[in-house]
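One structure is given below, encoded as structure tokens.
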Amino acid sequence: TKTIVDWRSFFRCTVRDFLLSHPPLTKIGGLNIIVQVDESLFARRKSHAGRIVPPMWVVGGIEYFPDGNPPHRPKSFLVALRQDPNQPPGDAAAGLVQGLQADPARPGIYPRSGPNLQRIIAAFVEAGSEIHTDMWTGYQGLDQMNNAAGNPLAYDHRTVNHSVEFVSNTGTHTQAVENNWMNKKHIVKSMRGVHRPMIDDYMFEWMWRDQYGDEPLENFFAAIRDQY
């Protein structure tokens with residue numbers, strides 16, 4: 001059993017380091033490509049019973065191809081926002097997203113605020129993408145964002161009002177990213193939870209599998225050659 005655990009840990013660390021050393025590979029979307037973005041709560045107490053568990057918000061996005069004929073495997077991104085001051089900073093936030101703002105009243109806590117969401121989206125979503133979200137206020141202003149050099153990201157931001165409908169009259173929805181949440185939470189549940197300090201390693205594993213899962217063994221060997 002220990003050997004299996006060690007190999008899985010080696011796999012996660014390898015693909016994490018591979019993606020961190022090649023930031024362009026973590027970018028998703030692009031001109032005329034839809035990216036659905038959402039945030040989801042991955043840890044909470046059931047029925048407000050049991051031990052107190054710090055909440056764990058994850059911001060994520062996935063490419064969506066409405067014609068059902070994608071030119072490649074839909075790529076995704078996942079970032080866990082640190083909600084526990086005793087938890088070490090995650091590689092995703094520290095390595096790929098610059099300028100995340102902590103809560104002034106709670107050092108070490110990174111809220112899912114509008115500025116933090118915008119920095120995460122700018123780090124992972126290519127300029128010119130069509131972004132679909134719900135109407136939460138944190139997403140306002142995506143179509144007016146600039147990159148670090150001050151150039152417009154030119155996002156085409158479209159929304160769906162979930163209090164009224166699941167799909168807007170223009171066809172905007174977030175069902176693909178919500179399905180991705182369901183799949184990832186099923187994995188977490190099957191493992192009976194994830195050790196908090198390792199959550200970012202799992203995020204990178206899932207991002208890598210979404211992108212390279214068509215030939216995982218061959219692509220994993222390529223990552224090993226690249227890193228070692």
Side-chain angles (χ1 to χ4, degrees), residues 27-49 53-71 73-83 92-93 97 100-101 103 109-147 152-189 203 206-207 210:
K27 289 279 191 176
I28 73 173
L31 194 62
N32 298 322
I33 296 179
I34 296 172
V35 176
Q36 296 184 2
V37 178
D38 193 23
E39 74 284 348
S40 184
L41 186 61
F42 263 61
R44 62 182 176 85
R45 289 194 298 171
K46 187 175 181 180
S47 303
H48 302 285
V53 179
M56 183 174 67
W57 284 98
V58 178
V59 180
I62 191 168
E63 294 175 339
Y64 172 67
F65 300 94
D67 60 2
N69 187 28
R73 288 177 61 89
K75 296 186 291 184
S76 68
F77 75 85
L78 296 159
V79 176
L81 286 170
R82 185 176 170 210
Q83 299 290 312
V97 185
L100 287 181
Q101 298 177 354
D103 187 333
I109 303 298
Y110 291 87
R112 55 188 185 104
S113 62
N116 282 347
L117 288 176
Q118 292 184 8
R119 286 179 173 85
I120 291 171
I121 291 170
F124 287 97
V125 181
E126 291 279 14
S129 300
E130 180 179 321
I131 300 179
H132 291 188
T133 70
D134 58 27
M135 295 189 70
W136 190 56
T137 56
Y139 295 116
Q140 292 181 0
L142 291 183
D143 53 354
Q144 301 171 12
M145 290 175 57
N146 296 328
N147 60 19
L153 287 169
Y155 292 143
D156 180 5
H157 183 210
R158 307 187 184 188
T159 61
V160 55
N161 187 349
H162 283 157
S163 64
V164 176
E165 57 196 356
F166 292 107
V167 181
S168 74
N169 56 10
T170 61
T172 302
H173 63 84
T174 58
Q175 293 174 359
V177 69
E178 289 167 5
N179 183 66
N180 197 38
W181 291 137
M182 181 183 68
N183 293 335
K184 300 306 187 281
K185 289 181 179 181
H186 178 75
I187 295 172
V188 172
K189 187 174 182 180
M203 298 291 169
W206 297 336
M207 289 165 57
D210 285 344

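- Taking the side chain as every heavy atom from C-beta outward, H132 and V177 never approach each other to under 4.5 Å.
- Remark: the K184 side chain and the S40 side chain contain no N/O donor-acceptor pair separated by less than 3.5 Å.
- To the nearest 0.5 Å, the span separating CD1 on I121 from CG on L153 amounts to 10.5 Å.
- Between atom CD1 of residue I62 and atom CD1 of residue I28 there is a gap of 7.5 Å, rounded to the nearest 0.5 Å.
- N183 CG to H186 NE2: the interatomic distance, rounded to the nearest 0.5 Å, is 8.5 Å.
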Original post:
How far apart are the C-alpha atoms of L81 and I120, what are their side-chain angles, what is the distance that settles it, and do they pass the side-chain contact (heavy atoms from CB on, under 4.5 Å) test?
Top reply: CA-CA 10 Å; L81 286 170; I120 291 171; 4.0 Å; yes
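- Under the side chain to side chain donor-acceptor pair (under 3.5 Å) rule, H157 has a single partner from T133, D143, T172, which is T133.
- Using cut-offs of 30° and 60° on the angle between ring planes, the pair H173 and Y64 is perpendicular.
- Side-chain contact between W181 and V58 is present, with heavy atoms from C-beta onward closer than 4.5 Å.
- In this structure a side-chain-to-backbone donor-acceptor pair under 3.5 Å is missing from S129 to V35.
- Here the straight-line distance linking atom CG of D134 with atom OH of Y139 works out to 5.5 Å at 0.5 Å rounding.
- Atoms CG and CG, on D210 and N180 in that order, are 5.5 Å from each other to the nearest 0.5 Å.
- Scanning all heavy atoms of the two residues, the minimum distance from P74 to E63 falls at CB-O, 3.5 Å.
- The aromatic rings of F166 and H162 sit tilted relative to each other, their planes meeting at an angle between 30° and 60°.
- In this structure, the side chains of L117 and V59 come closer than 4.5 Å at one or more pairs of heavy atoms.
- A side-chain donor-acceptor contact under 3.5 Å links Q36 to the backbone of A176.
- Looking at I33, I34, L31 one by one, the single match for side chain to side chain contact (heavy atoms under 4.5 Å, CB included) with E130 turns out to be I34.
- The shortest non-hydrogen separation linking P70 to D67 is N-OD1, 4.5 Å.
- Side-chain atoms of Y155 and Q118 form no donor-acceptor pair, as typed in the model, at a separation below 3.5 Å.
- Once rounded to the nearest 0.5 Å, the distance linking CH2 of W206 with CD1 of I187 reads 6.0 Å.
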Subject >> Residue pair F124, R119: steps toward the side-chain contact (heavy atoms from CB on, under 4.5 Å) verdict >> reply: CA-CA 9 Å; F124 287 97; R119 286 179 173 85; over 6 Å; no
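- Ion pairing between R112 and E39 holds under the 4.0 Å rule for side-chain N and carboxylate O.
- Across every non-hydrogen atom of S168 and V160, the tightest pair is N-CG2, 3.8 Å.
- No side-chain donor-acceptor contact under 3.5 Å links K75 to the backbone of G29.
- Annotation for M145 and A122: closest pair CE-CB, 3.6 Å, computed over non-hydrogen atoms.
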